[in-house]
Amino acid sequence: VAVVQTSFAKGLQISIPQVPDDPTKQMGVPPGKVGTRSAFEKLAKNASDISSRSPLQDLYGTITPSDLHFERHHNGVPAIDPAKYELLIHGQVERPTVFTLADLKRFPSVSRIAFLECSGNFRTGKETMSPQEICGLTSQSEWTGVLLSTLFREVGVKPSSSWFLAEGGDAALMTRSIPTSKGWNDAIIAYAQNGEALRPEQGYPVRLFLPGWEGNTSVKWLRRLELGDAPWQTREETSKYSEGIKGGKIRQFSFDIDARSIITFPAYPVQIQKGWIEIRGLAWSGRGKVSRVEVSTDAGKTWKLAELQEPILDKAHVRFRHLWQWNGSETEIMSRVTDETGYVQPTFAQLIDARGADTGGYHFNPITVWQIKPDGRVLNRPENFR
Amino acid sequence: VAVVQTSFAKGLQISIPQVPDDPTKQMGVPPGKVGTRSAFEKLAKNASDISSRSPLQDLYGTITPSDLHFERHHNGVPAIDPAKYELLIHGQVERPTVFTLADLKRFPSVSRIAFLECSGNFRTGKETMSPQEICGLTSQSEWTGVLLSTLFREVGVKPSSSWFLAEGGDAALMTRSIPTSKGWNDAIIAYAQNGEALRPEQGYPVRLFLPGWEGNTSVKWLRRLELGDAPWQTREETSKYSEGIKGGKIRQFSFDIDARSIITFPAYPVQIQKGWIEIRGLAWSGRGKVSRVEVSTDAGKTWKLAELQEPILDKAHVRFRHLWQWNGSETEIMSRVTDETGYVQPTFAQLIDARGADTGGYHFNPITVWQIKPDGRVLNRPENFR
Amino acid sequence: GVLNTDSLPTRFGYGKPASAVQITPLDIDVRPDGQGLPAGSGTATTGAVIFAAKCAACHGAGGVGGPNGSLVTTTPAPGKRTEKVIGNYWPYATTVFDYIQRAMPFSQPGSLTNEEVYSLTAYLLTANKLLDEKAVLNAQTLPKIVMPAQKLFVPDDRKAGPEIH
Amino acid sequence: GVLNTDSLPTRFGYGKPASAVQITPLDIDVRPDGQGLPAGSGTATTGAVIFAAKCAACHGAGGVGGPNGSLVTTTPAPGKRTEKVIGNYWPYATTVFDYIQRAMPFSQPGSLTNEEVYSLTAYLLTANKLLDEKAVLNAQTLPKIVMPAQKLFVPDDRKAGPEIH
Ligand code: HEC
Ligand code: HEC
Ligand SMILES: [Ca+2]
Ligand SMILES: [Ca+2]
Ligand SMILES: [Ca+2]
Ligand SMILES: [Ca+2]
Ligand SMILES: [Ca+2]
Ligand SMILES: [Ca+2]
Ligand SMILES: [Co+2]
Ligand SMILES: [Co+2]
């Protein structure tokens, strides 16, 4: 621990890890049972009482380290003993069944790399906001589990079932109504994430994972699925996770995540220098694959195609990159994604225009604009709902 | 902490995490800055003085959690201050140059999901060996960094250069000679792994990453590249990482990882039950993409195509799966991969036949055979070099 | 990434049949048509007492204000948006029962009896001027209440394609 | 996954020119043709003394046995494989200098002077019967030594395709 004086942190007490003067001249640390993170890497989520945001500006590539996956809970993370875990499936099924974790792992499994985004993933209001603060409720993992359709066949879901209820085993007993068709289509009962068991914050030992859908529907700590023929109208699909649209109406069961992108570098709080800069960011769509990402470095006057890192996966974060030579002038930079359905990421104004000024922060996916100041500071361009 | 009596661990003192009787009835843990691993998940590498093996039988999908990535060091893990880090490129170049870590991160970047395998990744000799013990020196990450070709252009590598030396900043000052063509082709100067900075055990802050090549050539803690016109014949490419072949010859600079696969489930130490079993495993090739994986459940008499999890990436671990109905009879199960060059993973006997009995454990990629006992035990079938 | 379902057997046989004894304690969900509502009943008068004791600390006296948000319709301060609460935003009254039963009070979820939940529901509906203060709420009367917001709710009309919605 | 190189500028201008002062201390590598060998010299007699003091604990007295492996050719026990050591397996003598200089002694790498490394190299070559015990090893003489294993080494002949090799 040392006291340092810098222009950013005056007299701040920070911990500086001890390193040898010349690490080539003394034996290193022997191999271990579990690896470590360098003490120099201060990666952290941005935590509130109800959520915790991934540090998008500090991440590389497309996989989110599991311990930096965003969190959104409705009454904290429960501690669950996997040996006592059970998943109950009942209602409009031929054979109401209880599955242990071991049972679930015996079924044919699938893995897929896909993003998970909270539909409330939007903040604005000030210039000094990082990608994490604006858009940190999205993360990506390789999820492994059993297809829900496999379990549907196992329990004999009746053709009469059009909706099912997914219930969590947390202190909020989180419940969402899901169209049964999503269960037949591509829903996964996931028990693993990035190669290992789900992390507690992501639903250990078992969660629902609905590719491309708003995060809240991918119910964590899943304990029960009830097959029915109408939605339950739970608090989370009425009071919350619904959004005002034109004519005073309220849109409900808006599951799909609209296509979105954000430049994560350069972005607040970095300060840039003149010369070549690789603009980097993430793009994704809940409706399929990313077709293209365009970048503007002249405040939206002209747009150029960014390079997309392969493989471009369905309903997955894609890393985009674009080389830009900054000459030191004030400007604005931004990205917009187009998905394979032809949807082009809108501006804030276009979204308000389409939904009316009464809309809220759900499914709000506007282009993020970064102001580049002559001194190289990069600031969010705040937007106003009214 | 409690004392438990089981058939496996008599009177062993193990820690049993505390969980509430009903987690739905008490508030959970609030969102945090860094996520956790469930205390019930006891994932660990198998560590010796010089290496540490990934627990392949405990992993899902294809991404290896960074803290479970295998380790192989030649004098431990050095502690390196990223602010003091420098990469020197010199020798047959127009402009000998020193790059800081910040410099490297400014260049155009690439990410790719690829395996890394130690060419010494083979153990046999007894029945009670897990995939981790037989084959745990392979892992997979999404690597991010700058293409070495970009740096080659920056420093002006001379056309005369045919080999370069890569040197690590560890206490072994690890050195390997690499054909310059690999640098132009697809080598990456990597600074990130699975979304975050490289882990110290994987070369923090910067390593060489040579897709598809034996792990030792992807020099960690990279401090220097010297461009030259002949190999240096370092100890690691002569005394080590060379293998005896027929006629008393010794094969050197054998970089490519030959295609390999292994069934990771069911595998020792699990015990199986009659009925449907999803056989699961990993397959990969250093020469390109996996074309197919075949599985035999009748001791090699007949083979069936396994399902391959998409996306099938170049020089990457692929997850394969195959449904099998076990009737309780004694048998042997095994997998063999074919890569896009038409190479079919050989048996142990075929390898000895091709190389002679004097060969060693490098680049030894035989089919792993699992014996299934009538009581459901799964045992490695040991092989003998002589 | 999708499994070739042709090769799947009809059933694997994993898992155990779930008995009513296993299902009933978990099957607490309540639907708008009243399915799932338990026996018992409650009134706003009783609910007011319970609310003051177990809820007001977080949701304010009478369900207005409080650190965790109002539950009752109020007139917004000039220039402020109307707070979205039960009275003006919730499309179904059954949701009030369902949610309180499963999740409230926040620090002791699952601690209320069915009578208490009926009474709290009656109290909050009354405070929102949606129920007469003398009314008895039970499995028959609760589903009949028509909420003002119900007519505002429309299912998602967004379609894949270029339209911004 | 490959960058479209058409759009790359010729140079980005990042990094700083490396001066001789920066390069020289790092540039310790030694090639078979002698490139990189420093001034100085050594003999087996001096090397024997250093070896006994700094190396024998790990590699055995005279370079045979020891917890970290022999460095000198020995006759294998019946039924055992010949241990691969400098005398029978190393194709170039310069590698002995290069490796000792960079990596040994294991617990104090980089601690030896050039003279010490020459002497230890001379000692190990002599112990392996590849150098006369009176010989002086230096930048001129060391690269001239022809190792018995050199003729055994062949570059990788494996090709992509079906062949098992
Ligand atoms: C310790 C604090 C606390 C107490 C006590 C408490 N609540 Fe809550 N309540 C909350 C919080 C926090 C939320 C929001 C939870 C969320 O969004 O996941 C909430 C949400 C609600 C909602 C949904 C509001 C909306 O608009 O969606 C209702 C209804 C409610 N509470 C009723 C009650 C009742 C009835 C009681 C007493 C039996 C009670 N609460 C006691 C903290 C509390
Ligand atoms: C504290 C233990 C230790 C000491 C002291 C030590 N060594 Fe080593 N030596 C090792 C280890 C361990 C290895 C293997 C390192 C590896 O494989 O990465 C090794 C490897 C070697 C090798 C390569 C052997 C081969 O066949 O590839 C040589 C040559 C060598 N040492 C010479 C020396 C000399 C000369 C000294 C004294 C100046 C010395 N060692 C002192 C532990 C030691
Ligand atoms: Ca929604
Ligand atoms: Ca090799
Ligand atoms: Ca029900
Ligand atoms: Ca109840
Ligand atoms: Ca040199
Ligand atoms: Ca020296
Ligand atoms: Co571009
Ligand atoms: Co199959």
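Every chain is numbered from 1 and lettered A, B, ... according to where its sequence line falls, protein lines coming before strand lines. FYI, side chains are in, hydrogens and waters are out, and symmetry mates aren't considered; it's all heavy atoms of this structure.
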So which part of B/Ser48 gets closer than 4.5 Å to some heavy atom of chain A, the side chain, the backbone, both or neither? backbone
Between A/Lys45 and B/Val34, is there a side-chain heavy-atom distance shorter than 4.5 Å? no
Greatest number of non-hydrogen atom pairs under 4.5 angstrom with chain A, of B/Thr144, B/Thr64, B/Asn75, falls to B/Asn75
So which of B/Gln193, B/Lys105, B/His69 has the biggest tally of heavy-atom pairs under 4.5 Å with chain A? B/Lys105
Let me know if B/Trp143 has heavy atoms under 4.5 Å from chain A in its side chain, its backbone, both or neither. neither
Engaged part of B/Arg53 at the chain A interface, taking heavy atoms whose separation is under 4.5 Å: neither
Pairs of heavy atoms under 4.5 Å with chain A: top-ranked of B/Pro205, B/Gly76, B/Gly195: B/Gly195
For A/Trp276, is it the side chain, the backbone, both, or neither that has a heavy atom closer than 4.5 Å to a heavy atom of chain B? backbone
Between B/Gln140, B/Met27, B/Lys84, which shows the greatest number of heavy-atom pairs under 4.5 Å with chain A? B/Met27
Are the side chain of A/Ser52 and the backbone N or O of B/Gly32 linked by a donor-acceptor pair below 3.5 Å? yes
Under 4.5 Å from any heavy atom of chain B - which part of A/Asp81: both
Donor-acceptor under 3.5 Å (B/Glu278 side chain, A/Arg106 main chain): no
State, yes or no, whether a side-chain contact exists between B/Thr62 and A/Ser111 at a heavy-atom distance under 4.5 Å. no
Does a side-chain heavy-atom distance below 4.5 Å link A/Arg321 with B/Ser109? yes
Has the side chain of B/Glu142 got a donor or acceptor atom that lies under 3.5 Å from a matching backbone atom of A/Gly61? no
Residue pair B/Phe40 / A/Tyr204, side-chain heavy-atom distance below 4.5 Å: yes
Between B/Ala192, B/Pro30, B/Gly275, B/Pro200, which has the largest tally of heavy atom pairs under 4.5 Å with chain A? B/Pro200
Quick one: of B/Pro65, B/Ala47, B/Ala44, who has the most non-hydrogen atom pairs under 4.5 Å with chain A? B/Pro65
Below 4.5 Å from any heavy atom of chain B, which atoms of A/Ile113 appear? Answer side chain, backbone, both or neither. side chain
When the 4.5 angstrom heavy-atom criterion is applied to A/Arg72 and chain B, the contacting part is neither
Identify which part of A/Leu173 has an atom lying under 4.5 Å from any heavy atom of chain B, answering side chain, backbone, both or neither. side chain
What class does the angle between the rings of B/Tyr60 and A/Tyr191 fall in, given that below 30° is parallel, 30 to 60° is tilted and above 60° is perpendicular? perpendicular
Output yes when A/Arg37 and B/Glu196 qualify as a salt bridge under the 4.0 Å nitrogen-oxygen rule, no when they do not. yes
Under 4.5 Å from any heavy atom of chain A, what part of B/Leu43 do you find: side chain, backbone, both or neither? both
Residues two or more places apart in sequence or in another chain: which of them pass salt bridge (charged side-chain N to carboxylate O under 4.0 Å, His left out) with B/Glu167? B/Arg223, B/Arg224, D/Arg102
Ignoring hydrogens and angles, tell me if any N or O in the side chain of B/Glu201 forms a donor-acceptor pair with the backbone of A/Thr36 under 3.5 Å. yes
Determine whether B/Pro78 and A/Thr24 make a side-chain contact, defined as any pair of heavy atoms from C-beta on separated by less than 4.5 Å. no
Close side-chain approach of A/Pro31 to B/His73, heavy-atom, < 4.5 Å: yes
